[in-house]
Amino acid sequence: MQKREQGKSGGSGGGNAAPPPKRGRPFGSTAASVASASAADSVAPSTLLGPSLQIHNSFSEQNNKRIVLALQSGLKSELTWALNTLTLLSFKEKDDMRKDACLAKIPGLLDALLQIIDDWRDIALPKELRKGQRTRTLGANSVITGFGNEYEALGSIALLPHSGLGPGSAAEISGQKNTSKRRRSEWWLDEDGLFNLDDEGRAEKQQCAVAASNIIRNFSFMPENEIAMAQHRHCLETVFQCIEDHIVEDEELVTNAIETIVNLAPLLDLRIFSSPKPSYIKITEKRAVQAIMGMLGSQVKAWHCAAAEFLGRMIINPDNEPLLLPFVPQIYKRLVDILSLQAFDAQAAAIGALYNLVDFNMDCRLKLASERWAVDRILKVIKTPHPVPEVCRKAAMIIEHLASDPQNRTSLLAYENAFAEILFSDGRHSDTFARILFELTSKPNNKIAAARGIWGM
């Protein structure tokens, strides 16, 4: 599918914009970090260094089947070995050209990792919160229906199939309904699985799920894995479900999920959730967008920054536009709120999202211009200025896109003096604001604006 980003220009005087970069790698992946680490190694004695793990370049080719089988086995030792191995294989420096972690070279690997996350999510919430209401149609007037509710119907959960109690003893056991102490023989009814998990077992399941999500996140940084992951419905469903439940889910698992989906956003088509591909979790397009909107409104800076970046990349694909447009008023309101934050990375994420949204859709330009405090906060980013010059340039281009729409001229003329001040005081944006003032004051169909204008006629 051809994306509009390929033909997108950076303004009237700019060139083609570069493709959206990947999110930052973990600490230690940059050249400066590596140089400082090597300098520290030369000073520190070898006894203070931790264990060193190295994997040969051809390791995954020789052991790909063993890795997948170890993940599928569920055995603690095999699972730990496979997760540790994949963590080393999936992490590589920016200049490292290894192809060991390519999903296409290890069939079934992604499904095995997703199964580990799904197994944890099946037990992550208490059974009482996950159990939904079942419709009783067959034998609705009968006490014993066969739908698994016979113990509640008889008034006590202490009744077991092998207890030998007949129908005549129902009145006797109903008197035990309010007993506070429960029998050991009924504990097995509290879990869906064959074996109950104690707190230690649940913690191990959670750690494995987080490790698997971290591996999937590392995979998403590699260009050779992007297409396979963006077209894998099970992967997208699992990631979006983790994002949807960010309030109760493990924070590291949610962070890995949102960073994975941001890396895949330029290639992601939300229509995959209505495609004939096999579905595991039944995530719809609307639920996926609502999950991102929930992250956009989060108080965690890393989450709402990633959600803003994701929305800015999603709008590049024209097939995603109809799914995002119903949420545009909410998106702009939140993005303008993020612009008011003092964090520079939050402002950069909001400006990047607004830049793509107003460039591709006229309705978006109208809604942003009518949003309260929007133009003021965009101008504040330019005047401060933001430490990254590219962010200031995009902020100026957003105002130029708003000025190009005739319906926005009346609201933008209130900032005419502010535009002129930037024009004469900041040489980096003088050309952009000259075009903005020309659009606002030099059009023959706007006589009032031409009379008030200080630039043009």
Side-chain angles (χ1 to χ4, degrees), residues 20 23-24 121 124-125 129 213 217 236-265 268 270 273 281 283-317 320-358 360-361 363-364 366-378 380-381 391 394-395 398:
R23 292 183 63 80
R121 293 196 52 79
L125 294 178
L129 299 180
S213 68
R217 168 196 175 273
L236 299 179
E237 287 178 336
T238 300
V239 170
F240 273 106
Q241 191 186 42
C242 294
I243 296 173
E244 187 179 42
D245 298 336
H246 66 276
I247 297 178
V248 295
E249 189 53 83
D250 180 88
E251 293 183 359
E252 189 174 355
L253 185 61
V254 175
T255 302
N256 289 334
I258 188 65
E259 291 192 357
T260 299
I261 208 65
V262 167
N263 288 338
L264 302 178
L268 181 59
L270 291 177
F273 295 120
I281 308 177
I283 294 288
T284 61
E285 296 96 330
K286 185 177 180 180
R287 281 183 60 187
V289 179
Q290 288 174 341
I292 297 299
M293 293 300 299
M295 295 292 285
L296 187 64
S298 171
Q299 296 299 321
V300 181
K301 184 179 70 171
W303 291 357
H304 61 239
C305 289
E309 190 173 351
F310 174 80
L311 291 172
R313 296 185 180 189
M314 283 293 296
I315 199 65
I316 295 174
N317 187 348
N320 294 325
E321 250 188 50
L323 303 173
L324 295 177
L325 287 181
F327 298 91
V328 161
Q330 304 174 36
I331 293 175
Y332 282 132
K333 182 175 179 61
R334 179 55 181 163
L335 291 179
V336 173
D337 290 341
I338 294 177
L339 283 177
S340 64
L341 301 178
Q342 300 299 324
F344 290 128
D345 51 351
Q347 293 178 355
I351 288 294
L354 292 173
Y355 176 69
N356 287 338
L357 288 169
V358 300
F360 290 136
N361 190 273
D363 187 57
C364 293
L366 297 177
K367 286 183 171 60
L368 179 61
S370 60
E371 185 66 35
R372 187 180 183 185
W373 309 117
V375 179
D376 294 89
R377 291 172 179 172
I378 294 174
K380 185 177 180 181
V381 173
V391 175
K394 286 186 177 181
I398 291 173

**Student:** Return each pair, listed once, that meets side chain to side chain donor-acceptor pair (under 3.5 Å) where at least one residue sits in residues 289-299; pairs must be two or more places apart or across chains.
**Tutor:**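 Applying side chain to side chain donor-acceptor pair (under 3.5 Å) to every pair that reaches into residues 289-299, excluding sequence neighbours, yields nothing.
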
**Student:** Nearest 0.5 Å, please: how far is CD1 in I243 from CZ in F310?
**Tutor:**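 The distance works out to 7.0 Å.
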
**Student:** Could you report the tightest heavy-atom contact between F327 and M293, atom names first, then the distance?
**Tutor:**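 Smallest heavy-atom distance, with atoms named: CD2-CG, 4.0 Å.
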
**Student:** Could you check if a side-chain atom of R121 sits within less than 4.5 angstrom of a side-chain atom of C242, using non-hydrogen atoms only?
**Tutor:**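 Counting from C-beta outward, R121 and C242 do come under 4.5 Å.
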
**Student:** Between A353 and A308, what is the shortest heavy-atom contact and its length?
**Tutor:**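 Nearest heavy atoms, A353 then A308: CB-O, 3.2 Å.
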
**Student:** For the OG1 atom of T260 and the CZ atom of F240, what is their distance to the nearest 0.5 Å?
**Tutor:**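 Result: 11.0 Å between the selected atoms.
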
**Student:** Which distance, rounded to the nearest 0.5 Å, do you find between the CZ of F273 and the CD1 of I283?
**Tutor:**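 One finds 7.0 Å between CZ of F273 and CD1 of I283.
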
**Student:** Could you tell me whether the side chain of V254 reaches within less than 4.5 Å of the side chain of M295, counting heavy atoms only?
**Tutor:**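 SC-SC contact between M295 and V254 confirmed.
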
**Student:** Do I315 and N320 have side chains that approach each other closer than 4.5 Å (heavy atoms only, starting at C-beta)?
**Tutor:**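 Sidechains of N320 and I315: no contact.
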
**Student:** Would you say R217's side chain and E259's backbone share a donor-acceptor pair under 3.5 angstrom?
**Tutor:**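 No; zero donor-acceptor contacts below 3.5 Å.
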
**Student:** Given side chains that start at C-beta, do those of L368 and I398 come closer than 4.5 Å, heavy atoms only?
**Tutor:**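 When only atoms from C-beta onward are counted, I398 and L368 do touch, with a gap below 4.5 Å.
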
**Student:** Quick one: CG on L270 to OG1 on T284, what's the gap to the nearest 0.5 Å?
**Tutor:**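 L270 CG to T284 OG1: 10.0 Å, rounded to 0.5 Å.
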
**Student:** Flag the pair N256 / V239 as yes when at least one side-chain heavy-atom distance between them is below 4.5 Å, and no otherwise.
**Tutor:**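 Contact flag for N256/V239 side chains = no.
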
**Student:** Which heavy-atom pair separates E251 from W303 by the least distance, and what is that distance?
**Tutor:**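 It is O-CZ2, 3.8 Å.
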
**Student:** Heavy atoms, side chains only, cut-off 4.5 Å: are L357 and Y332 in contact?
**Tutor:**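 Yes. Closest side-chain heavy atoms under 4.5 Å.
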
**Student:** Calculate, to the nearest 0.5 Å, the distance between atoms CZ and CD1 belonging to R287 and I292 respectively.
**Tutor:**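 Answer for the CZ-CD1 pair, R287 versus I292, is 13.0 Å.
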
**Student:** Can you tell me how far apart CD1 (I316) and CG (L268) are? Round to the nearest 0.5 Å.
**Tutor:**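 If we round to the nearest 0.5 Å, I316:CD1 and L268:CG are 12.0 Å apart.
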
**Student:** Where is the tightest heavy-atom contact between R313 and V262, given as atom of each residue plus distance?
**Tutor:**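 Nearest heavy atoms, R313 then V262: NH1-O, 3.1 Å.
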
**Student:** Do V336 and I378 have side chains that get closer than 4.5 Å, going by heavy atoms?
**Tutor:**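 Counting from C-beta outward, V336 and I378 never come under 4.5 Å.
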
**Student:** Has D245 got a side-chain atom pairing as donor or acceptor with V248's backbone, closer than 3.5 angstrom?
**Tutor:**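 Between the backbone of V248 and the side chain of D245 there is no qualifying donor-acceptor contact (under 3.5 Å).
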
**Student:** What donor-acceptor contacts under 3.5 angstrom involve side-chain atoms of residues 338-351, with partners at least two apart or in another chain?
**Tutor:**
{"residue": "S340", "atom": "OG", "partner": "D337", "partner atom": "O", "Å": "2.4"}
{"residue": "D345", "atom": "OD2", "partner": "K301", "partner atom": "NZ", "Å": "3.4"}
{"residue": "Q347", "atom": "NE2", "partner": "L341", "partner atom": "O", "Å": "2.7"}

**Student:** Not counting sequence neighbours, list each pair that qualifies as a salt bridge (charged side-chain N to carboxylate O under 4.0 Å, His left out) and has a residue in residues 289-298.
**Tutor:**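 Matches after skipping sequence neighbours: none remain.
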
**Student:** Between the main-chain N or O of V300 and the side-chain N or O of H304, is there a donor-acceptor pair closer than 3.5 Å?
**Tutor:**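 Flag set: sc H304 to bb V300 pair under 3.5 Å.
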
**Student:** Are any side-chain N or O atoms of N356 and backbone N or O atoms of E309, one a donor and one an acceptor, separated by less than 3.5 Å?
**Tutor:**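 Between the backbone of E309 and the side chain of N356 there is no qualifying donor-acceptor contact (under 3.5 Å).
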
